[in-house]
Protein chains: 2
Amino acid sequence: MNDEICRNISLTSLRRLPSYLRYLKTQRDNGIDYLSSIIIAQAMELSPMVVKKDLSIAIKVEGKPKLGYHVDSLIKDIEMFLGYDNKKDAVLVGVGSLGKALLSYEGFKNYGLNIIVGFDKEVNEPAILDKKILSIDKFSNLTKRMNIHIGIITTNKEAAQEIANMMVEAGIKAIWNWAPVKLSVPEDIVVKNEDLAASLAVLSNSLSDHQIGGSI
Amino acid sequence: MNDEICRNISLTSLRRLPSYLRYLKTQRDNGIDYLSSIIIAQAMELSPMVVKKDLSIAIKVEGKPKLGYHVDSLIKDIEMFLGYDNKKDAVLVGVGSLGKALLSYEGFKNYGLNIIVGFDKEVNEPAILDKKILSIDKFSNLTKRMNIHIGIITTNKEAAQEIANMMVEAGIKAIWNWAPVKLSVPEDIVVKNEDLAASLAVLSNSLSDHQIGGSI
DNA sequence: TAGATTGTTAATCGATTAACAATC
DNA sequence: TAGATTGTTAATCGATTAACAATC
């Protein structure tokens, strides 16, 4: 009766989309025009059902029975869905070794993310590759002026909450937090925690005696 | 009838354990002796039920009705369960900016991981902090001799598969892969992919119009 | 046309949430 | 004892898997 019941986009599907993209691009570069869910599933070690469900959330150009999915269209659709088409600007605070690593990571531009500048308390070097490093004093002003909505925190855990507050004040809407703390932010701010300890726990567990059920 | 049916340890529970640990340690340092699931849940923005279920997978010393959990015992139990008690040695291949960041990340020692050495094709500096950097030629020999079972790949995507093969040959059992490729390894090798693109997809999605249901 | 693969609807499975007896 | 909080067993919820009609 109600057509507006929300489309079921699962978090796990969303997480898998970037890896489909990687695979599809390599196949496109090999000159492949069409791929079936069966082939994709084999290559990515998933079941064809999962592939079909996942792709269905992003797809505009439907697959063709017997042929499969048109690779070029599929890539475009997924990129569109993931927002890789319109580059998103981000700022980073905390130019330690991790901050430097993210600032110099070339891959982000493929994913629609553009870290335009790094901030730190002390500016020891003027830039990392082509990214300027500025004093934290200039954060608010620049972020507001450039209307930036994504902030990346790579400070130590002591500074993280303070930086988060500053980000919120400056109009940041989404925070990618690499510091090992739980940030408290207003409800409308999205926080994605990159928890190295949690990753490690999963890996470590797989080497121990008491093991969780599924695959990682 | 069958007592041996596997205990249900969920992946999500496992991932949350490190953050309990962080919270419990701060509270212990504040001089708190007992904490109830209700208090913990509030602090971590979970429901008390989730807390009780999560803790129950790791716990040896039971909580006390009316009082709650004994913080010290709880910390010890979780650390034991996560294997933080016996430090695990790991080796890292690919001393680019990301590799350097991981080599110099102080936090790992709290999580029972000890990256003892970094390898690269070209050795531009002899060490990062106290971690030696060695030529990749020495990988197999050293890894076998020291009987190391965890390998971290922070190379570019072109080199990753080759390095994975080398690791497997040298007796590595678990691989933490930061390169954006799907590695193919024998079935008994555990691979944990750290997929920056997937993280970013989730963050990015939250800023867009078509949004997934749950919280991140 | 026959065979293969699609998108979708129904069944299964597993994790989260709720309910509750046990107990300090 | 009464109240609070535990651990556990049952109900709900959501995602994964299976089944199948539609179609190229």
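Side chains included, hydrogens not; waters and symmetry mates left out as well; all remaining heavy atoms used. Here is the naming used below: chain letters follow the sequence lines, and residue numbers restart at 1 for every chain.
Helical stems involving DNA chain C, defined as 3 or more consecutive Watson-Crick or G-U pairs under 3.5 Å, span C:3-24 with D:3-24.
Look at CZ on A/R15: it is 12 Å from P on D/dA15, rounded to the nearest Å. Between the P atom of C/dT5 and the CG atom of A/L55 lies a distance of 15 Å, rounded to the nearest Å. Rounded to whole angstrom, the span from the NZ atom of A/K52 across to the P atom of D/dT16 amounts to 15 Å. Summarising the geometry, the separation between CG on A/L14 and P on D/dG14 is reported as 18 Å, rounded to the nearest angstrom. Rounded to whole Å, the distance from NZ on A/K53 to C1' on D/dG14 is 11 Å. Between the CG atom of A/L11 and the C1' atom of D/dC13 there is a distance of 16 Å, rounded to whole Å. One interatomic measurement links the two molecules: CD1 of A/I59 to P of C/dT5, which rounds to 16 Å at whole-angstrom precision. We find that CD1 of B/I39 is positioned 15 Å from C1' of D/dT6, with the value rounded to whole Å.
In this structure, the side chain of B/S204 does not engage the main chain of B/A201 through any donor-acceptor pair within 3.5 Å. Between the B/D77 side chain and the B/V61 main chain, a donor and an acceptor come within less than 3.5 Å of each other. Formation of a donor-acceptor pair under 3.5 Å by the A/K87 side chain with backbone atoms of A/K109 is found in this model.
In this structure, B/S10 does not reach the C/dG14 phosphate: none of its side-chain N or O atoms is under 4.0 Å from OP1 or OP2. Phosphate proximity of D/dT8 to B/S56: absent, as no side-chain N or O sits under 4.0 Å from OP1 or OP2. An OP1 or OP2 oxygen of C/dT16 is reached within less than 4.0 angstrom by a side-chain nitrogen or oxygen of B/T12.
Note on ring orientation: taking the six-membered ring where Trp is involved, the planes of B/H70 and B/Y34 are tilted (angle from 30° to 60°). The aromatic rings of B/W178 and B/W176 are tilted relative to each other, their planes meeting at an angle between 30° and 60°.
Residue B/S13 places its side chain closer to C/dT16 than to any other of D/dT17, C/dT16, D/dT16.
Comparing A/I38 and A/M49 by the nucleotide of DNA chain C that holds the closest heavy atom to each, the one mapping nearer the 5' end is A/I38.
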Exercise. Start with the C-alpha gap between B/N165 and B/Q161, add the side-chain angles, then the distance that decides, and say whether side-chain hydrogen bond (donor to acceptor under 3.5 Å, both in side chains) holds.
Key: CA-CA 6 Å; B/N165 298 344; B/Q161 180 62 57; 2.8 Å; yes
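Atoms CG and CD1, from A/D54 and A/I40 in turn, are 10.5 Å apart once rounded to the nearest 0.5 Å. Atom CZ in A/F81 sits 6.0 Å away from atom CG in A/L14 (nearest 0.5 Å).
A heavy atom closer than 4.0 Å to some atom of DNA chain C occurs in B/P65, B/K66, these being the qualifying members of residues 61-71 of chain B.
More than 12 heavy atoms of other residues, nucleotides or ligands lie within 6.0 Å of NZ in B/K144, so this atom counts as buried by the packing criterion.
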